[in-house]
Amino acid sequence: MGITPQQFEQMKSRLGRRAPAPPAHQPAIRAKNTIILGVDPSLRGTGYGVIQLGQPQPLTLAQGTISCPAKWERSRCLAKISQTLRDVIREHHPAVCVIEGLFYAQNLQTALIMGEARGAALAAIAVEGLDIFEIAPRKVKQAVVGYGAAQKIAVAKMVQRMLGLAELPAPDAADALALALTHAQGNGRFSLTAPKKI
């Protein structure tokens with residue numbers, strides 16, 4: 001059974017309303033979802049690393065350590081951590097952030113200071129609207145090196161290899177890049193549990 005020209009025009013009109021052309025900015029949004037920020041918080045040396053997923057290996061967009069001299073007051077260090085991370089996010093537009101999970105410190109003062117640094121980082125990242133996940137340090141080492149008690153140098157060397165970096169990254173930056181890589185791997189060869197969203 002055929003359709004009349006009038007019915008055909010009505011169908012075209014309905015389809016046109018249902019399937020509008022995608023906005024020009026849509027590809028940029030999809031690309032944004034491939035960028036991951038890793039953060040290893042510490043009062044005197046917060047590491048950060050930004051990677052973009054790709055083949056044959058992820059691309060390193062940025063890495064570094066937010067260093068604060070010992071003579072600085074804690075409040076000044078926390079402000080620098082917060083502002084630097086916000087600058088990194090605004091420059092590279094990651095979609096998600098992965099931060100190192102809590103660890104058990106025997107020294108209460110150390111735990112308090114680490115918590116302050118972590119809080120400053122989390123607040124800055126949350127203000128920028130990123131989804132935030134945390135992964136325990138042992139799981140990161142397991143995923144990257146294959147051994148949950150690996151030394152920092154082993155993590156740095158494996159990160160250098162996985163990202164094809166010309167130079168060995170600094171320890172704190174390497175830990176941050178390892179966090180981003182672990183998130184990118186998802187439930188990889190070591191069947192990690194899903195990262196905890198915070």
query: What distance separates Asp40 CG from Leu177 CG, expressed to the nearest 0.5 Å?
result: 10.5 Å
- prompt: With sequence neighbours left out, what residues match Gln83 under side-chain hydrogen bond (donor to acceptor under 3.5 Å, both in side chains)?
  reply: Asp87
- prompt: Taking the side chain as C-beta and beyond, is there a heavy-atom pair between Ile35 and Val50 under 4.5 Å?
  reply: yes
- request: Enter the distance from Gln142:CD to Ile135:CD1 here, rounded to the nearest 0.5 Å.
  value: 13.0 Å
query: Is Met114 reachable from Trp72 through a run of I, L, V, M, F, W or Y residues, each pair having side-chain heavy atoms under 4.5 Å apart?
result: no
Listing, residues 54-69 side-chain donor-acceptor contacts under 3.5 Å, not counting sequence neighbours, or none:
residue: Gln57; atom: NE2; partner: Leu163; partner atom: O; Å: 3.3

message: Measuring from atom CZ of Arg44 to atom CD1 of Ile81, what distance do you get when rounded to the nearest 0.5 angstrom?
response: 9.0 Å
Contacts of Ile198 that satisfy side chain to side chain contact (heavy atoms under 4.5 Å, CB included) - sequence neighbours left out: Ile99, Arg118, Leu122, Ile132, Glu134, Lys196
query: Closest heavy-atom contact between Ala176 and Gly49?
result: CB-N, 3.6 Å
query: Donor-acceptor pair, Ser82 side chain versus Leu78 backbone, under 3.5 Å?
result: no
field: Cluster companions of Leu168 among Ile, Leu, Val, Met, Phe, Trp, Tyr (side-chain spacing under 4.5 Å)
entry: Ile153
message: Can you list everything that forms a side chain to side chain contact (heavy atoms under 4.5 Å, CB included) with Ala174? Sequence neighbours excluded, please.
response: Ala156, Pro169
task: Take Leu85 and Val39, measure what side chain to side chain contact (heavy atoms under 4.5 Å, CB included) needs, and give me the verdict at the end.
output: CA-CA 9 Å; Leu85 289 176; Val39 177; 4.1 Å; yes
message: Applying side chain to side chain contact (heavy atoms under 4.5 Å, CB included), can you list everything that pairs with Arg74, at least two apart in sequence or on another chain?
response: Leu43, Gln109, Ile113, Glu116
query: Only one of Leu179, Leu130, Leu181, Val98 clears side chain to side chain contact (heavy atoms under 4.5 Å, CB included) with Ile36; which?
result: Val98
query: Looking only at atom types and distance, does a side-chain atom of Lys141 sit under 3.5 Å from a main-chain N or O of Ala150, one as donor and one as acceptor?
result: yes
- prompt: Can you name the residues that form a side chain to side chain contact (heavy atoms under 4.5 Å, CB included) with Ala166, not counting sequence neighbours?
  reply: none
statement: dist Tyr48:OH -> His92:NE2 (nearest 0.5 Å) comes out at 7.5 Å
- request: Calculate, to the nearest 0.5 Å, the distance between atoms SG and CG belonging to Cys97 and Asp131 respectively.
  value: 10.0 Å
message: My understanding is that only residues two or more places apart in sequence, or in another chain, count here; which of them pass side-chain hydrogen bond (donor to acceptor under 3.5 Å, both in side chains) with Arg86?
response: Glu128
- prompt: Restricting to pairs with a member in residues 149-167, which pass side chain to side chain donor-acceptor pair (under 3.5 Å), not counting sequence neighbours?
  reply: Lys152-Asp175
